[in-house]
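Worksheet: one structure, shown below.
What you are looking at is a predicted structure, and each value in this text was computed from that prediction instead of being measured. Just so it is clear: chains get the letters A, B, ... in the order the sequence lines come, proteins before strands, and each one is counted from 1.
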Amino acid sequence: QKEVEQDPGPLSVPEGAIVSLNCTYSNSAFQYFMWYRQYSRKGPELLMYTYSSGNKEDGRFTAQVDKSSKYISLFIRDSQPSDSATYLCAMRVQGGSEKLVFGKGMKLTVNP
Amino acid sequence: EAGVAQSPRYKIIEKRQSVAFWCNPISGHATLYWYQQILGQGPKLLIQFQNNGVVDDSQLPKDRFSAERLKGVDSTLKIQPAKLEDSAVYLCASSSRQSSSGNTIYFGEGSWLTVV
């Protein structure tokens, strides 16, 4: 079993739709959870960051972490064509090396 | 603030040849990472430096890959000899422990390697 599992999609939605992206993980020591957005031929950029369990909202984006289920989600409201990208979940343990363990990434296309 | 700089952006080499990638992290960032991202997969850490010391190189194929970070700033990643399966994007990233976001890691745009 991989440490981090993410459905690679692809996912295609109409403009204005609510998008839900998810990852599951097996390592209960993970404490930091991130979502990165990666445009074509670019490096990943940090979108959302959550420590431990709970929700975090930033504009149209909401990140949720459920540590009891080892499940994290990213919701995008009122999706825009500019949101078309690959979304990568990433996580790491507290302390020690800051090594991020990434999911495979979900390719999202928002159609105008 | 300037981002993480990488060069070259694209490289095509034949198998068994060698290649080197260069990275200049964000100014003041003590931690530097090299990640490998194969098409359709998430990035995988190859090596992590703290200043000019190696923190984690457990997933670096040491028989063919080497990396150094002289003077604790710029870094180079070398592959010799290259194999077909080394075709990937090599991402350099850096972070500062002073970040308020739990050590936010900033990525460069990557160096795209094709081995033919």
Contacting region of Gln37(B) [heavy-atom separation from chain A under 4.5 Å]: side chain
Residues of residues 63-81 of chain B contacting chain A, heavy-atom criterion under 4.5 Å, by residue number: none
Same apolar cluster (I L V M F W Y, side chains within < 4.5 Å links), Leu21(A)/Val65(A): yes
Shared hydrophobic cluster for Ile47(B) and Phe107(B) (ILVMFWY, side-chain gaps under 4.5 Å): no
Between CD1 on residue Ile105(B) and OH on residue Tyr49(A), distance to nearest 0.5 Å: 11.0 Å
Transitive ILVMFWY side-chain link Leu11(A) to Ile18(A), under 4.5 Å: no
Over 12 non-hydrogen atoms of neighbours within 6.0 angstrom of CG in Leu39(B): no
Main-chain N/O of Leu100(A) paired with Tyr35(B) side-chain donor or acceptor, under 3.5 Å: yes
Within one Ile-Leu-Val-Met-Phe-Trp-Tyr cluster: Ile72(A) and Leu47(A), side-chain cutoff 4.5 Å: yes
Residues, nucleotides or ligands: over 12 heavy atoms within 6.0 Å of Lys67(A) NZ: yes
Interatomic spacing from CD1 in Ile38(B) to NZ in Lys104(A) - rounded to 0.5 Å: 11.0 Å
Note, Arg41(A) side chain near Tyr10(B) side chain (heavy atom, < 4.5 Å): yes
Value rounded to 0.5 Å, distance of CG in Leu91(B) from CD in Gln38(A): 6.5 Å
Verify same cluster id: Ile26(B), Leu32(B) (apolar side-chain graph, 4.5 Å): no
Shared-cluster residues of Phe75(A), by chain and number - hydrophobic side chains joined below 4.5 Å: none
Heavy-atom contact with chain B under 4.5 Å, split by part of Tyr36(A): side chain
Toward chain B, the part of Gln6(A) with a non-hydrogen atom under 4.5 Å: neither
Interatomic spacing from CD in Gln59(B) to NZ in Lys99(A) - rounded to 0.5 Å: 4.5 Å
Contacting region of Pro44(A) [heavy-atom separation from chain B under 4.5 Å]: both
Selection from Pro43(B), Cys92(B), Gly42(B), Ala93(B) maximising heavy-atom pairs under 4.5 Å formed with chain A: Pro43(B)
